[in-house]
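Fair warning: this is a prediction, and the values are worked out from it, not measured in the lab. Every chain is numbered from 1 and lettered A, B, ... according to where its sequence line falls, protein lines coming before strand lines. FYI, side chains are in, hydrogens and waters are out, and symmetry mates aren't considered; it's all heavy atoms of this structure.
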Number of protein chains: 2
Amino acid sequence: MMKFAFKEKVDKLLSSARLKRTGQRKAILEVLLKANSPLTADEIVHATGNTGPNRVTIYRTLESMAEAGILHKAFIEGRSRCYEPADKCSENQCHPHFVCTGCGQTHCLTDATVPMATSMPAGFIIKRQQVRLEGLCPECNMTENKRHMHNDGK
Amino acid sequence: MMKFAFKEKVDKLLSSARLKRTGQRKAILEVLLKANSPLTADEIVHATGNTGPNRVTIYRTLESMAEAGILHKAFIEGRSRCYEPADKCSENQCHPHFVCTGCGQTHCLTDATVPMATSMPAGFIIKRQQVRLEGLCPECNMTENKRHMHNDGK
DNA sequence: ATCTAATTGCAACTAAGTTGCAACAACTTC
DNA sequence: GAAGTTGTTGCAACTTAGTTGCAATTAGAT
Ligand SMILES: [Mn+2]
Ligand SMILES: [Mn+2]
Ligand SMILES: [Zn+2]
Ligand SMILES: [Zn+2]
């Protein structure tokens, strides 16, 4: 059981951000830490349920944690913002996100690397680089291939 | 005067996309082609004015042109979507966008290059890569520097 | 234990985009 | 060039995502 260490991690994150360690914030942070892709406010509302924090609190909390640097806004298209823990990103580059055009799922590519931009016009100082990849995930790619084989065999 | 060639370009774009060449679509496309950064629906509403297309038409037009491939959605944080002409992007990579944390302006970096992602987990097929850069633009960087020199001299 | 500033929840509001539908106009066919 | 067909447009009404003011509450300081 890693439960103890987990709760401690949440507490440490909050105090490192100089935010009061309230039940609401812990609940939100726990959901985000357990998730394996960035989440919207609405997804957190559902994950925390009726007894969880109020919608407005979730919006405000996500913003303040992002401002404090322990969360990042993920660079994904969609009408609603997605947030994720800021670990697994380096100082000047967030890990890339892969969005599958087949199934719509978002994958965190914590191990893929993209070199920093080069041949920048003079005077621009890059503080952070974010990358979004679009394509087919392994499952959807497999299905595509099967479909092709089928059609070719006709 | 390049006016004639310009109007032709608009017409060609529309017919290449198999979209009817209506006054509304031409107006929207002209605004986007003349802009030097991606625009929101609202910015186009203002640019085209009272005599321009209806708000809803602008939303629908942007979507259909993006679907047809002559526009791209630019991935910039912000509550509203931004669109730009799809030229100046290569097959599998859009040109990067630079957002200045000082002044908030977005710059199209049509000449900067970012190599494609490597060390991808097995099975993922990348169709398109998009990059967002955050930092200081030349003007804001200059102002920062002046401020520092001033403080250091105390 | 008391105090105080930060946090929360509620209700009301704004911003951004969507949908159904009837009127209309671009392109096609004759 | 008139008539027909289908895609396009504008309006009004609606949804979704996020914001704001304010009074009640509570975490952490003294
Ligand atoms: Mn991620
Ligand atoms: Mn651009
Ligand atoms: Zn997929
Ligand atoms: Zn700037």
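In the hydrophobic clustering, Met142(A) connects to no other residue, as no ILVMFWY side-chain heavy atoms lie under 4.5 Å from its own. Hydrophobic cluster membership of Phe75(B), counting Ile, Leu, Val, Met, Phe, Trp and Tyr whose side-chain heavy atoms lie under 4.5 Å apart directly or via other members: Phe75(A).
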Name every donor-acceptor pair, under 3.5 Å, that has one atom in a side chain of residues 49-61 of chain B and the other anywhere in the protein, sequence neighbours excluded.
residue, atom, partner, partner atom, Å
Asn54(B), OD1, Val56(B), N, 2.7
Arg55(B), NH2, Asp42(B), OD1, 2.3
Thr61(B), OG1, Thr57(B), O, 2.6

When the side chains of residues 65-74 of chain A are checked against the rest of the protein, which donor-acceptor pairs come out under 3.5 Å, sequence neighbours left out?
residue, atom, partner, partner atom, Å
His72(A), NE2, Arg128(A), NH2, 3.2
Lys73(A), NZ, Glu63(A), OE2, 3.0

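When rounded to the nearest whole Å, the span between CG of Asn54(B) and C1' of dC21(C) equals 14 Å. Between the CE atom of Met65(A) and the P atom of dT7(C) there is a distance of 10 Å, rounded to whole Å. Glu77(A) has its CD atom 13 Å from the C1' atom of dA16(C), to the nearest Å. In this structure, the CD atom of Glu67(B) is 14 Å from the C1' atom of dG7(D), given to the nearest Å. In this entry the distance linking CD1 of Ile58(B) with C1' of dT19(C) reads 18 Å, nearest Å.
For the residue pair Glu84(B)/His97(B), the side-chain donor-acceptor check at 3.5 Å is satisfied.
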Handout entry: Candidate pair Glu8(B) and Phe6(B), rule side-chain contact (heavy atoms from CB on, under 4.5 Å), full reasoning
Key = CA-CA 5 Å; Glu8(B) 255 199 357; Phe6(B) 183 69; over 6 Å; no
Fill in the blank from the handout: Each nucleotide of nucleotides 22-30 of chain D classed B (base within 4.0 Å of a protein heavy atom), S (only sugar-phosphate) or -, in 5' to 3' order, makes -----BS--
Fill in the blank from the handout: Per-nucleotide protein contact along nucleotides 12-19 of chain D, 5' to 3', at a 4.0 Å heavy-atom cut-off (B base, S sugar-phosphate only, - neither), is B---BBBB
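In the helix from dA1(C)-dT30(D) to dC30(C)-dG1(D), the terminal helix axes, each the rotation mapping four pairs' C1' atoms onto the next four within five end pairs, subtend 40°, rounded to 10°.
Residue pairs that meet the salt bridge (Lys or Arg N to Asp or Glu O under 4.0 Å) test with at least one member in residues 86-109 of chain B, sequence neighbours left out, are Lys9(B)-Asp87(B). Counting only residues at least two apart or in different chains, side chain to side chain donor-acceptor pair (under 3.5 Å) contacts with residues 10-22 of chain A are absent.
To the nearest 0.5 Å, atom CG of residue Leu136(B) and atom CG of residue Asn145(B) are 9.0 Å apart. Atoms CD and SG, on Glu134(A) and Cys100(A) in that order, are 9.5 Å from each other to the nearest 0.5 Å.
In this view, Pro138(A) and Phe124(B) satisfy the side-chain contact (heavy atoms from CB on, under 4.5 Å) rule, not counting sequence neighbours. For the side-chain contact (heavy atoms from CB on, under 4.5 Å) test, residues two or more places apart in sequence or in another chain that qualify with Val99(A) are Ile76(A), Thr106(A), Arg132(A).
Between the side chain of Gln129(B) and the main chain of Pro115(B), a donor-acceptor pair closer than 3.5 Å is present.
The stretch residues 24-31 of chain A comes close to DNA chain C through Gln24(A), Arg25(A), each having a heavy atom under 4.0 Å from the strand.
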